[in-house]
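FYI, the numbering just counts along the sequence from 1.
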Amino acid sequence: MVMQLLQKTKKLVRYQNHSGKIYYGIVEDNEILQLSSSFTEIVNNELYYDGIKVNFNDVKILEPVAPSKVINFGWTYAEHAKETGGKANLKEPFLFLKPTTSLIPNDGNIILPSSDLTNQVEMEGEVALIIGKRGKNIKEEDALDYVFGCTIFNDVTARDLTKMDPQFTRGKGFDTFGPLGPWIVTGLDPTNLRIVTTLNGKVVQNGNTNQMSLSIPFLISWISQIMTLEPGDVLATGSPSGSCPMKSGDIVTVEVENIGKLSNYVL
């Protein structure tokens, strides 16, 4: 059956059931309305509800999307740029990509690399945009039309390596260094969302996307001049100040207003 959703905002989750099959679903309280729709159909608002409801706690929650690429914009917040040795108020962002193998879901474990590789792994709580339609050379005034929804990202970073290497691939690219989720929320304005990161319950980051020195529409337009954006692509918009080291046994939680919480245990 075709699902009719009247509300502008909805939570879309991706999960695996007990038989190993992967579905998308709409979150309503503690239940998930299971969809037979593909991601392409969903972004085109073709929501086919197959009549099954599952309990949120009875399935394995996955990363909310399987992207072709994870695009990261660095130093988009002036204070974070200063604290990490970057340059504040850039005219263009510091650009890097993360491999899809870095992605883990909510409640997934961040696995610290061997101390032979890095001794300073830090968190960076961010708002991530999920692209909803293919785009190239997007005009800034049209940029938000290409955003399907928003989710939460933790740009886990080996800070000692990013300060040493001429580019960020090694320090950003370890497996599990890309927590993403727990779901995608549609209908939000990404330009005014509060981000609060806690480490073992203590607030270490407290910012808002309205503090970004480069606007989100600008970032979308700018990156689309370089590479074609595809449905499902993740655009991590950068981190406010307060990034700090994590150690084994820590729990890091990134909370974004109107989206929820992304929590991960550090091993």
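- Side-chain atoms of Glu83 come within 3.5 Å of backbone atoms of Gly242 as a donor-acceptor pair (strictly under, hydrogens ignored).
- In terms of heavy-atom proximity, Asn89 sits nearest to Ala78 at OD1-CB, 3.9 Å.
- Judged by distance alone, the side chain of Gln167 and the main-chain N or O of Thr169 form a donor-acceptor pair under 3.5 Å.
- In the hydrophobic clustering of ILVMFWY residues, with side-chain heavy atoms under 4.5 Å counting as a link, Ile61 and Ile251 come out apart.
- Under a hydrophobic-cluster definition in which Ile, Leu, Val, Met, Phe, Trp and Tyr are linked whenever side-chain heavy atoms come within less than 4.5 Å, directly or via other members, Phe94 and Phe73 are assigned to different clusters.
- Taking each heavy atom of Pro240 and Gly207 in turn, the nearest pair found is CB-CA, 4.0 Å.
- Note that CD1 of Ile42 and NZ of Lys10 are 8.5 Å apart. Values are rounded to the nearest 0.5 Å.
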Can you list the steps and then say if Phe174 with Leu117 is a side chain to side chain contact (heavy atoms under 4.5 Å, CB included)? CA-CA 10 Å; Phe174 286 97; Leu117 297 173; 3.9 Å; yes
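- Remark: side-chain polar atoms of Asn30 are not paired, donor with acceptor, to backbone N or O of Phe56 under 3.5 angstrom.
- Considering only heavy atoms from C-beta on, Asn258 stays 4.5 Å or farther from Cys150 through its side chain.
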Might you work through the side chain to side chain contact (heavy atoms under 4.5 Å, CB included) test for Val185 and Thr151, ending with a clear yes or no? CA-CA 6 Å; Val185 179; Thr151 189; over 6 Å; no
Side chain to side chain contact (heavy atoms under 4.5 Å, CB included) for Asn109 and Val266? Distances and angles first, verdict last. CA-CA 6 Å; Asn109 293 327; Val266 183; over 6 Å; no
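- Atom CG in Leu180 sits 11.0 Å away from atom NZ in Lys98 (nearest 0.5 Å).
- Transitive grouping of hydrophobic side chains (ILVMFWY, heavy atoms separated by less than 4.5 Å) brings Phe96 and Leu90 into a common cluster.
- Within the 4.5 Å cutoff, no side-chain heavy atoms of Ser102 are placed close to those of Asp175.
- Taking each heavy atom of Asn264 and Gly108 in turn, the nearest pair found is ND2-O, 2.8 Å.
- Heavy-atom neighbours of Lys60 NZ from other residues, nucleotides or ligands within 6.0 Å: at or below the threshold of 12.
- The shortest heavy-atom contact between Leu214 and Glu92 is CD1-C, 3.7 Å.
- Between the side chain of Trp183 and the backbone N or O of Ile259, at least one donor-acceptor pair lies under 3.5 Å.
- Val203 belongs to a hydrophobic cluster with Val196, counting contacts under 4.5 Å between side-chain heavy atoms of Ile, Leu, Val, Met, Phe, Trp and Tyr, direct or through other members.
- Without hydrogens or angle criteria, Glu28 side chain to Leu33 main chain gives no donor-acceptor distance under 3.5 Å.
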Do Ser68 and Asp233 pass the side-chain hydrogen bond (donor to acceptor under 3.5 Å, both in side chains) test, and can you show the C-alpha distance, the side-chain angles, and the key distance before you say yes or no? CA-CA 6 Å; Ser68 72; Asp233 281 352; 2.5 Å; yes
Starting from the C-alpha separation in whole Å, work towards a yes-or-no answer on ring-ring contact (aromatic ring centres under 6.0 Å, His included) for Phe39 and Tyr24. CA-CA 8 Å; Phe39 185 77; Tyr24 287 97; 5.8 Å; yes
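- Atom CG of residue Asn17 and atom OH of residue Tyr23 lie 5.5 Å apart, to the nearest 0.5 angstrom.
- Cluster membership check: Val156 shares its hydrophobic cluster with Val204, using side-chain heavy-atom separations under 4.5 Å among Ile, Leu, Val, Met, Phe, Trp and Tyr.
- Residues Trp222 and Pro93 form a side-chain contact, since some pair of their non-hydrogen atoms from C-beta on lies under 4.5 Å apart.
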Please walk me through it: do Arg159 and Glu124 pass salt bridge (Lys or Arg N to Asp or Glu O under 4.0 Å)? CA-CA 11 Å; Arg159 190 74 65 201; Glu124 294 186 10; 2.7 Å; yes
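- Cluster annotation: Leu95 is connected to Tyr77 through the hydrophobic network of ILVMFWY side chains, with a link wherever side-chain heavy atoms come within less than 4.5 Å.
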Criterion side chain to side chain contact (heavy atoms under 4.5 Å, CB included) on Tyr146 and Ile138, from CA distance to verdict: CA-CA 9 Å; Tyr146 288 79; Ile138 300 168; 3.6 Å; yes
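- Of the inter-residue distances, the one linking Met123 atom CE with Asn154 atom CG reads 7.0 Å to the nearest 0.5 angstrom.
- Asn210 pairs in a side-chain hydrogen bond (donor to acceptor under 3.5 Å, both in side chains) with only one of the listed residues (Asn192, Thr191, Asp189), which is Asn192.
- Ser239 approaches Thr76 most closely through the heavy-atom pair N-OG1, 4.4 Å.
- Side-chain contact check for Ser36 and Asp50: no donor-acceptor pair (N or O, by modelled atom type) lies under 3.5 Å.
- Nearest heavy atom pair, residue Thr237 against residue Val127, reads OG1-O, 2.7 Å.
- Salt-bridge check for Lys247 with Asp250: passed, with a basic side-chain N closer than 4.0 Å to an acidic carboxylate O.
- Under a 3.5 Å cut-off, the side chain of Asp142 and the backbone N or O of Lys139 do not form any donor-acceptor pair.
- Within the 3.5 Å criterion, the main-chain N or O of Glu31 finds no donor-acceptor partner in the side chain of Asp29.
- Residues Val234 and Ile130 form a side-chain contact, since some pair of their non-hydrogen atoms from C-beta on lies under 4.5 Å apart.
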Show the numbers, then the answer: is there a side-chain hydrogen bond (donor to acceptor under 3.5 Å, both in side chains) between Glu122 and Thr157? CA-CA 5 Å; Glu122 301 187 359; Thr157 302; over 6 Å; no
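- Within the 4.5 Å cutoff, the side chain of Phe153 has heavy atoms near those of the Asp155 side chain.
- Glu79 contributes atom CD, which lies 11.0 Å from atom OG1 of Thr84 (distance to the nearest 0.5 angstrom).
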Working note: Ser221 + Glu140, criterion side-chain hydrogen bond (donor to acceptor under 3.5 Å, both in side chains); need CA distance, chi angles, decisive distance, verdict. CA-CA 5 Å; Ser221 175; Glu140 194 168 334; 5.2 Å; no
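- Between Leu12 and Thr186 the shortest side-chain heavy-atom distance does not fall below 4.5 Å.
- In this structure, Asn44 contributes its side chain and Glu46 its backbone to no donor-acceptor pair below 3.5 Å.
- Inter-residue side-chain proximity for Ile32 and Val59 is flagged as met; some heavy-atom pair is nearer than 4.5 Å.
- Taking OG of Ser224 as the start and NZ of Lys136 as the end, the distance is 7.0 Å to the nearest 0.5 Å.
- Within the 4.5 Å cutoff, no side-chain heavy atoms of Phe168 are placed close to those of Asn72.
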